[in-house]
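Only one structure is covered here, and it is reproduced in the block below.
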Amino acid sequence: MTKHKSDFINTVIERGYLHQCTDIDALDERASNGVVSAYIGFDCTAPSLHVGSLLPIMMLRILQQSGHKPIVLMGGGTTMVGDPSGKDESRQLLDEKAINSNMESIKEIFSRFLTFGDGPTDAVMINNADWLKELNYIEFLRDYGRHFSVNRMLSFDSVKLRLEREQTLSFLEFNYMILQAYDFLELNRRINCALQMGGSDQWGNIVNGVELTRRVDGKEAFGLTTPLLTTSSGAKMGKTAAGAVWLNADMLSPYDYWQYWRNTEDGDVIRFLKLFTDLPLNEIAELEKLSGAEINEAKKKLAFEATQMAHGIDAANAAAETAKKTFEEGKLGGDLPAFDISRSDLESGIQAFEALCRVGLCASNGEARRLIKGGGGRVNDKQIKSETETITLSDLNPDGVIKLSSGKKRHALLRAI
RNA sequence: GGAGGGAUGCCCGAGUGGCUAAAGGGGGCGGGCUGUAAACCCGCUGGCUCACGCCUACGUAGGUUCGAAUCCUACUCCCUCCA
């Protein structure tokens, strides 16, 4: 492999982040000569981000670590329009207040991966509503619309595929591409942003922004995409038993986050270590030598590193400790999700299915009953025989808690107060 | 503007008057095997009670009928073709 000049490009390639780049040598040159500002766009339809967004976040982190300036572009303006890409269902339009509050909590997440501030390589967060809302249709068409050739737009995959399949492509969707290109131009003007990154599905949009910047202002700009991430068995990243794998602790506990990574498939561990941790490549190479059941050590490392990054070292240690106790020693881990129950309820006894429901292991009483019938419900690691089995004070262990389980992996504690 | 087709459970998708809480698949959950992996095999998969039963559900609102996801009317949205 040819060595590049800049740390940034080298790292990106070595760790497996690179899918396509508009001009890798020129970008390398630029990155080796000074600070490059680069951005990635994020949606702000939800108050949190999940693991699906982790790859772009890591991209920005790598960028900052190699001495450049990350820009987090929040799609406040585009969210108001509603991004029509992907599915045909139009999204719910959010009002400004909701968007702003979502932005706040998303920023919280970013602040754990990036350093924000006013310094030359400090990350900044910008909302594209700042300029998109001000746009005047006629002026916009005249100043920028003329730089877009419909002939060329039709040749982009996103458009071409739709047309070939004879699926409707609304004018709104057709324009979305232009707005995104315009974002790049605007960022280039405001803070000299020279690079847009994103998933491989964004390639067309990114290239448009690069082109527009060059045509309108004659400035050189770059685009770089990451590969589309799926697990070895082909599933999309980010979904699990309990739903989406959220990045903030109030939507998914650090323990569960740790578990998510711990349960990575064998074939993905090394790849994920490179993409989602800061571990040096030579350490990862050591882990790569493991085989068979030993791979579990690599998984623990992955889980620890990933959790530490998102939730801090204390949370990562606690999660690892709890997992060790729970799975390897068969004891109680202190970091399991815990729920309170009043002593008087326990005195009279509550039914097993109801308890499972109360700690959130089951969504309804019916589900809990089914779980028990299928032999998957446990109280203090003993299989629940009957759905009407009651749980009482006598089930409290010496620590004053009752352990409830759904299957072998999902556990919760009931604490008497 | 005209003609036709469609809207079903988390998703896809059968179902044209009672046997339909609704085939099948996917996904999910649980069990088995294992290494808290993958693959594979088995079971479950609307809510309440779980014994009967009750409630909610087939785009929305009405209607016909002993009885409707299935028939009628209006409305909404989507698609295809023609202009």
Side-chain angles (χ1 to χ4, degrees), chain A residues 82 84 86-92 162-163 165-170 172-173 230-245 253 255-273 287-288 290-304 306-307 319-333 335-336 350-354 356-379 381-390 403-412:
Chain A
K87 294 285 167 273
D88 23 35
E89 269 176 59
S90 56
R91 286 193 196 171
Q92 267 211 315
R162 292 286 276 280
L163 295 181
R165 277 190 242 131
E166 301 194 330
Q167 287 170 341
T168 303
L169 176 76
S170 76
L172 176 70
E173 287 172 280
T230 51
T231 67
S232 296
S233 43
K236 265 193 213 137
M237 292 271 308
K239 289 286 176 144
T240 182
V245 182
S253 74
Y255 171 74
D256 285 328
Y257 191 74
W258 193 94
Q259 282 296 325
Y260 172 75
W261 293 105
R262 174 61 242 263
N263 284 308
T264 299
E265 294 172 29
D266 283 9
D268 293 325
V269 184
I270 297 303
R271 197 158 53 108
F272 285 2
L273 278 166
L287 293 170
E288 198 166 3
L290 300 173
S291 66
E294 290 172 345
I295 292 176
N296 283 330
E297 292 310 310
K299 291 184 188 179
K300 284 184 208 165
K301 189 75 181 162
L302 171 64
F304 177 81
T307 307
E321 184 58 23
T322 294
K324 192 176 170 198
K325 278 189 185 160
T326 308
F327 287 98
E328 294 175 23
E329 299 168 13
K331 290 190 212 140
L332 272 188
D335 203 30
L336 293 174
I350 80 168
Q351 311 226 62
F353 69 86
E354 195 191 336
L356 284 169
C357 216
R358 218 190 270 202
V359 298
L361 289 174
C362 291
S364 68
N365 288 348
E367 192 180 315
R369 286 174 198 276
R370 270 181 247 126
L371 178 74
I372 294 169
K373 277 181 193 159
R378 287 187 183 74
V379 174
D381 297 317
K382 279 207 313 285
Q383 195 176 64
I384 302 170
K385 299 266 173 11
S386 141
E387 358 169 338
T388 52
E389 200 166 286
T390 54
K403 180 183 179 191
L404 296 170
S405 314
S406 160
K408 288 173 184 154
K409 293 192 195 173
R410 301 173 58 216
H411 310 283

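Keep in mind it's a predicted model, so treat the numbers as computed, not measured. The chains referred to below are lettered A, B, ... by the order of the sequence lines, with proteins before strands, and numbering in each begins at 1. What you see below is based on every heavy atom in this structure, not just the backbone, and it leaves out hydrogens, waters and symmetry mates.
- Proximity note for A/F327 (side chain, C-beta onward) versus B/rG30, B/rG35, B/rU36: the nearest is B/rU36.
- Among all heavy-atom pairs drawn from A/S405 and A/L356, the shortest one is O-CD2, 3.9 Å.
- B/rA3 and B/rU80 make up a base pair, with Watson-Crick or G-U wobble contacts both under 3.5 Å.
- Contacts of A/R370 with the nucleic acid, taken as non-hydrogen atoms under 4.0 Å apart, involve only primed sugar atoms and P, OP1 or OP2.
- Atom CG of A/L361 is separated from atom P of B/rG28 by 19 Å (rounded to the nearest Å).
- Under 4.0 angstrom from either OP1 or OP2 of B/rU34 there lies no side-chain N or O belonging to A/K408.
- Annotation: B/rU16 and B/rA7 have their C1' atoms spaced 16 Å apart (nearest Å).
- As rounded to the nearest Å, B/rG46 and B/rG25 have P atoms that lie 15 Å from one another.
- In terms of heavy-atom proximity, A/R262 sits nearest to A/A303 at N-CB, 3.8 Å.
- Under the Watson-Crick and G-U wobble criteria, each requiring two contacts below 3.5 Å, nucleotide B/rC71 is paired to B/rG63.
- Atom-to-atom, CG of A/L290 to P of B/rA37 comes out at 17 Å; the value is rounded to the nearest Å.
- Taking only side-chain nitrogens and oxygens, A/K409 comes nearer than 4.0 Å to OP1 or OP2 of B/rA37.
- Across all strands shown, B/rA14 has no partner, as no Watson-Crick or G-U wobble contact with both distances under 3.5 Å is found.
- Put simply, NZ on A/K325 is 18 Å from C1' on B/rU36, counting in whole angstrom units.
- A 3.5 Å limit on both hydrogen-bonding distances identifies B/rC29 as the Watson-Crick or G-U partner of B/rG43.
- For the P atoms, the distance from B/rU70 to B/rA57 is 13 Å, rounded to whole Å.
- Distances from the side chain of A/S364 to the nucleotides B/rA38, B/rU36, B/rC48 place B/rC48 closest.
- Taking atom CZ of A/R262 as the reference point, atom P of B/rU36 lies 7 Å away to the nearest angstrom.
- Side-chain atoms of A/Q259 come within donor-acceptor range of the base of B/rU36, with a qualifying N/O pair under 3.5 Å.
- Across all strands shown, B/rA51 forms no Watson-Crick or G-U wobble pair with both distances under 3.5 Å.
- Between A/G366 and A/K300, the residue whose closest nucleotide on RNA chain B is further toward the 5' end is A/K300.
- The main-chain N or O of A/T264 is found under 3.5 Å from a side-chain atom of A/K299 such that the two form a donor-acceptor pair.
- Rounded to whole Å, the distance from NZ on A/K301 to C1' on B/rU36 is 19 Å.
- Under 4.0 Å is where a charged nitrogen must lie from a carboxylate oxygen, and between A/E328 and A/K300 at least one such pair does.
- To the nearest whole angstrom, the two C1' atoms, one in B/rU49 and one in B/rC54, are 8 Å apart.
- With the nearest nucleotide of RNA chain B identified for both A/C357 and A/T264, A/T264 has the one nearer the 5' end.
- In the set B/rG35, B/rG30, B/rA38, the nucleotide with an atom closest to the side chain of A/E265 is B/rA38.
- You'll find that the side chain of A/R410 is closest to B/rG30, out of B/rA37, B/rU36, B/rG30.
- No hydrogens or angles were tested; on distance alone, nothing pairs the side chain of A/N365 with the base of B/rG47 as donor and acceptor under 3.5 Å.
- Going from atom CD1 of A/I372 over to atom P of B/rC44 covers 17 Å, rounded to whole Å.
- Nucleotides B/rG59 and B/rA69 have their P atoms positioned 10 Å apart, rounded to a whole Å.
- Between A/T390 and A/I350, the closest side-chain pair of non-hydrogen atoms is not below 4.5 Å.
- Rounded to a whole angstrom, the distance from the C1' atom of B/rA14 to that of B/rA21 is 15 Å.
- Contact annotation for A/K299: base contact, defined as any heavy-atom pair under 4.0 Å involving a base atom.
- Nucleic acid contact for A/G377: none, since no nucleic acid atom lies under 4.0 Å from a heavy atom of the residue.
- For the C1' atoms, the distance from B/rC58 to B/rG9 is 8 Å, rounded to whole Å.
- Comparing the same atom, C1', in B/rG15 and in B/rU64 gives a spacing of 22 Å after rounding to whole Å.
- Checking side-chain atoms of A/T322 against main-chain N and O of A/A319 turns up no donor-acceptor pair under 3.5 Å.
- Nucleic acid contact class of A/E294 (heavy atoms, under 4.0 Å, all strands): none.
- Per the geometry, CG belonging to A/N263 stands 6 Å off P belonging to B/rA37, to the nearest Å.
- Nearest heavy-atom pair across A/E288 and A/I270 is CA-CD1, 3.5 Å.
- Minimum atom distance to the side chain of A/N296 is reached by B/rU36, of the listed B/rG31, B/rU36, B/rG30.
- Summarising the geometry of A/A368 relative to A/C362, their closest heavy-atom pair is CA-SG, 3.5 Å, with the distance given to 0.1 Å.
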